Protein chains: 2
Amino acid sequence: MHEWQEEVLAEVRAGSRISDRDIVDKVRRAVLMQRLPPGTRLPEVTLGEVFGVSRSVVRKALTRLASEHVVDQRPNQVARVRAPSIEETRETFAARRLVEGEVAALLAGRLEAASRDRLAAQARGEIEAHGRGDEPARIEHSLAIHHLLAEHSPNRVLGAMLTDLILRTSIVIALYKRPNLASCFLEGDHTALLAALERGDAEAAREGIRHHLESLEALLDLSPREASIDLMAILGRSREQA
Amino acid sequence: MHEWQEEVLAEVRAGSRISDRDIVDKVRRAVLMQRLPPGTRLPEVTLGEVFGVSRSVVRKALTRLASEHVVDQRPNQVARVRAPSIEETRETFAARRLVEGEVAALLAGRLEAASRDRLAAQARGEIEAHGRGDEPARIEHSLAIHHLLAEHSPNRVLGAMLTDLILRTSIVIALYKRPNLASCFLEGDHTALLAALERGDAEAAREGIRHHLESLEALLDLSPREASIDLMAILGRSREQA
DNA sequence: GACAGGGTCATTGTATACAGGATCCTTGCC
DNA sequence: GGCAAGGATCCTGTATACAATGACCCTGTC
């Protein structure tokens, strides 16, 4: 995790105060961006040095990351970046289809003008970013759309659950994306979904979500493999470099 | 929280080793049993004395309880037992209907003989406990049934989400139960559900869950009140006694 | 009597020290 | 060469000390 460590050090020197929340955000983001591959060891002292805080703060951050399923924290063992199995990936997608479908159905016809405009803007942004081949920007826009859905969910409990599921699916998408695939862009899905929401068609919105997430899952390589991931998670020192 | 404190002290002296997990379990249970009413202050030192450990352990436990939505932990403020609002209660029930309904549907026709027998035994136990007026035992059996569903969910992700939702609904049931109501027993619901699971009727199982949870919610007193709960949560020292 | 100001106390935030456990490497044996 | 036992090292678990923030109370004023 050395390169990442250096980058963070630079950022940290710039901004001054660091709290556990900052650490959670930075690590989560790093995992999402695959700067910290699955299995990476995250010793408390090392993280503390990176962020310039002591173990107390790091511990709290790691506990929170564990409850977000980003990190694996086992008694008396070094925390590691989690590597969800193929099975768990499928289950996460299924759960997200259920929850996000319901959220979309609840949201149909209830969108305020301001929210609708922000959604539309993100959808346009995604298309543009895809057009100019800017994949990171496209991902940002795509995530923003789904996060907006979660945020505006009339049912806040479901909304919070959706936020968690969006994070988890993003991680496994990064993990299992077919290497030759440049992008997970599904042309028109988001636009169609927004249209359904706008005209208040709850079932179309639910189906739109279901279809979108099924297509996304189909883009992944979830064929059973030599259990390399699992072995790596168990014996895995090969991936890290500290 | 003094009486509870003394009881725990006794238990703790008996058993020897106490870890953060034990604290989480004991506090969770105390909240569920309404030994610790909503709004109760939970200072770290006090809890530490009760369990005979230092603040480090208590802090970890409180963080976990906060992520389980049992406790409210805000920066620089004493952790308090959470008091979910009426709105959140409704949303929690809706979320649970969605998730548990899906779990039941997935489980229909897939129950192993052993699991089915354990479920049936708990259902019988619930009816018996209700018959002899033993409400705590009845609750235990009822909870056990739903926890078994969560545990055996073919989709583990949904199963974990369901576990969380069962806890949260149990808390709000205890909170909002009509005072004159002796029991939240719904005769036949569990038996009918098990029958649907057994004969592999996924939609009947889903509907069984939906109906069961709607009836349960209807037993609660969720009429809007003088915001007493909210005020209590905000200004509330009246409830605690440490 | 209500309200603003300031001081005190209670409680959390953070860092650090020490103890215990896990891992890793080395050594000695087969 | 492979493998088990032992020790060194790394890392986490826990307790404690100090800093800092927020809550509470008391006082003085209008």
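Lettering follows sequence order; numbering is per chain, from 1. Remember, it's a predicted structure, so these values are computed and weren't measured experimentally.
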B/Asp221 and B/Ser223: side chain donor to acceptor below 3.5 Å: yes
d(CZ, B/Arg80; P, D/dA23) in whole Å: 10 Å
Spacing of B/Arg41 atom CZ relative to D/dA23 atom P, expressed in whole Å: 10 Å
Overall bend - the helix from C/dG1-D/dC30 to C/dC30-D/dG1, comparing terminal axes fitted on five pairs, nearest 10 degrees: 20°
Under 3.5 Å: donor-acceptor pair, side chain of A/Asp117, backbone of A/Ala114: no
Salt bridge flag under 4.0 Å for residues A/Lys177 and A/Glu217: no
A/His152 side chain to A/Leu148 backbone, donor-acceptor under 3.5 Å: yes
For A/Arg90, side-chain hydrogen bond (donor to acceptor under 3.5 Å, both in side chains) partners two or more places apart: none
Other residues, nucleotides, ligands: >12 heavy atoms within 6.0 Å of B/Glu87 CD: no
Partner of A/Arg168 under salt bridge (Lys or Arg N to Asp or Glu O under 4.0 Å), chosen from A/Glu91, A/Glu88, A/Glu68: A/Glu88
Gap separating the CG atom of A/Leu213 from the CZ atom of A/Arg96, nearest 0.5 angstrom: 5.0 Å
Set out, line by line, the N/O atom pairs under 3.5 Å between protein and nucleotides 13-15 of chain D.
unit_1 : atom_1 : unit_2  : atom_2 : d
D/dG13 : OP1    : A/Asn76 : N      : 3.4
D/dG13 : OP2    : A/Arg59 : NH1    : 2.8
D/dG13 : OP2    : A/Arg59 : NH2    : 2.7
D/dG13 : N7     : A/Arg55 : NH2    : 3.0
D/dG13 : O6     : A/Arg55 : NH1    : 3.0
D/dA15 : OP2    : B/Ser54 : N      : 2.8
D/dA15 : OP2    : B/Ser54 : OG     : 3.1
D/dA15 : N7     : B/Ser56 : OG     : 2.6

